[in-house]
Amino acid sequence: MLEIEPLELHFPYEHNKAITRTIELINDTDDYFAFRITTSSSLLYRTQPSKNIVPPRSKCSVNITLQALEMAPEQCNYGASQFYVESTRVDESLIAEDITEDMFDEKPGKVVDKVDLIVVLE
């Protein structure tokens with residue numbers, strides 16, 4: 001499956017300023033992998049790209065941006081933010097636009113890896 005670096009994202013608070021962090025999805029195999037990134041706090045974050053294909057022996061950079069906040073996180077009731085990176089082996093002819101939600105449904109003979117990213121609002 002895909003290696004993810006880092007597994008923990010730190011977002012320091014800066015008044016009315018968006019903060020971006022980058023994760024790397026690394027494919028050290030000879031297979032193609034589709035991924036999608038979902039969050040429990042879609043209003044607070046923007047993820048680009050949120051889905052894509054990672055070819056063999058390559059990596060994909062993903063930017064996760066915390067939107068500009070008017071108040072410090074501890075003054076708001078945002079709750080815990082969670083990010084999930086799901087990946088699964090796919091055919092080499094697929095492109096990002098072909099990725100659908102049902103591709104990440106676990107079925108007999110199909111492996112879907114789901115990794116939780118830790119988000120720290122400072």
Side-chain angles (χ1 to χ4, degrees):
M1 293 293 166
L2 297 175
E3 181 181 338
I4 303 166
E5 294 179 1
L7 290 172
E8 189 169 296
L9 300 171
H10 290 262
F11 291 93
Y13 170 72
E14 291 188 43
H15 182 72
N16 282 332
K17 184 176 178 185
I19 306 294
T20 299
R21 295 291 176 255
T22 301
I23 61 171
E24 298 284 337
L25 305 180
I26 303 161
N27 181 358
D28 284 333
T29 75
D30 292 324
D31 297 309
Y32 286 76
F33 284 90
F35 75 84
R36 75 171 175 174
I37 300 176
T38 56
T39 180
S40 62
S41 305
S42 59
L43 295 177
L44 285 180
Y45 298 93
R46 186 178 70 243
T47 304
Q48 190 62 34
S50 60
K51 63 180 183 177
N52 209 343
I53 305 291
V54 185
R57 308 283 171 204
S58 65
K59 61 183 175 179
C60 180
S61 295
V62 177
N63 291 323
I64 298 175
T65 302
L66 172 64
Q67 303 297 328
L69 300 176
E70 293 184 16
M71 294 186 291
E74 62 271 5
Q75 296 174 324
C76 304
N77 187 18
Y78 292 129
S81 297
Q82 296 175 313
F83 278 89
Y84 309 100
V85 180
E86 295 173 287
S87 61
T88 190
R89 187 174 286 113
V90 295
D91 185 86
E92 66 183 75
S93 64
L94 246 55
I95 59 173
E97 290 77 22
D98 296 330
I99 298 172
T100 60
E101 278 190 38
D102 65 331
M103 291 177 69
F104 300 95
D105 294 341
E106 291 199 38
K107 300 172 186 162
K110 182 176 185 177
V111 177
V112 176
D113 189 41
K114 184 174 182 177
V115 176
D116 297 350
L117 298 179
I118 298 168
V119 178
V120 180
L121 297 175
E122 301 172 332

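Index from 1, following the sequence.
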> Are the side chains of Val54 and Lys59 in touch, meaning some heavy atoms are under 4.5 Å apart?
Replying inline: no
>> Determine whether the aromatic ring centres of residues Tyr84 and Phe104 are separated by less than 6.0 angstrom.
In response: no
>> Within the 4.5 Å heavy-atom criterion, are Val112 and Asp105 side-chain neighbours or not?
In response: no
> Within a reach of under 6.0 Å around CZ of Arg21, are more than 12 heavy atoms found that belong to other residues, nucleotides or ligands?
Replying inline: yes
>> For a 4.5 angstrom cut-off between non-hydrogen side-chain atoms, does Glu24 reach Glu3?
In response: no
>> Counting C-beta onward and ignoring hydrogens, is there a side-chain heavy-atom pair between Phe35 and Asn52 closer than 4.5 Å?
In response: yes
> Quick one: are Leu94 and Tyr32 in side-chain contact, heavy atoms under 4.5 Å?
Replying inline: no
>> Are Tyr13 and Val119 linked, directly or through intermediate hydrophobic residues, by side-chain heavy-atom contacts shorter than 4.5 Å (ILVMFWY only)?
In response: yes
>> Using side-chain heavy atoms (C-beta onward) and a distance below 4.5 Å, is Asp31 in contact with Phe33?
In response: yes
>> Looking at every heavy atom in both Pro49 and Ser61, which two are closest together, and how far apart are they?
In response: CD-O, 3.7 Å
> Are Val120 and Leu44 connected in the hydrophobic side-chain network, where two residues link if heavy atoms are under 4.5 Å apart?
Replying inline: no
> Is there a donor-acceptor pair closer than 3.5 Å between any side-chain N or O of Thr65 and the backbone N or O of Ile19?
Replying inline: no
>> Quick check on Glu101: does its CD atom have over 12 non-hydrogen neighbours (other residues, nucleotides or ligands) under 6.0 Å away?
In response: no
> Is a donor on one side and an acceptor on the other found under 3.5 Å between the side chain of Ser40 and the backbone of Gln82?
Replying inline: yes
>> Measuring from atom CD1 of Ile23 to atom CG of Leu117, what distance do you get when rounded to the nearest 0.5 angstrom?
In response: 5.0 Å
>> Checking the side chain of Asn27 only, and the main-chain atoms of Pro55 only, is there a donor and an acceptor separated by less than 3.5 Å?
In response: yes
>> Within this structure, what is the CG-NE2 distance for the pair Leu66 and His10, rounded to the nearest 0.5 Å?
In response: 13.5 Å
> Any side-chain heavy atom of Asp113 within less than 4.5 Å of one from Leu2?
Replying inline: no
> Once you round to the nearest 0.5 Å, how far does CD of Glu97 lie from CD1 of Ile53?
Replying inline: 9.5 Å
> Could you state the interatomic distance from CG (Leu25) to CD1 (Ile4), rounded to the nearest 0.5 Å?
Replying inline: 5.5 Å
> When you look at NZ of Lys17, are more than 12 heavy atoms from neighbouring residues, nucleotides or ligands closer to it than 6.0 Å?
Replying inline: no
> How long is the span from the CD atom in Glu8 to the CG atom in Asp116, to the nearest 0.5 Å?
Replying inline: 12.5 Å
>> Does any part of the side chain of Phe83, heavy atoms only, come nearer than 4.5 Å to the side chain of Ile37, both counted from C-beta?
In response: yes
> In Å and rounded to the nearest 0.5 Å, what is the CG to CD distance from Asn16 to Gln67?
Replying inline: 12.0 Å
> Do side-chain atoms of Lys51 reach the backbone of Asp98 as a donor and acceptor pair under 3.5 angstrom?
Replying inline: no
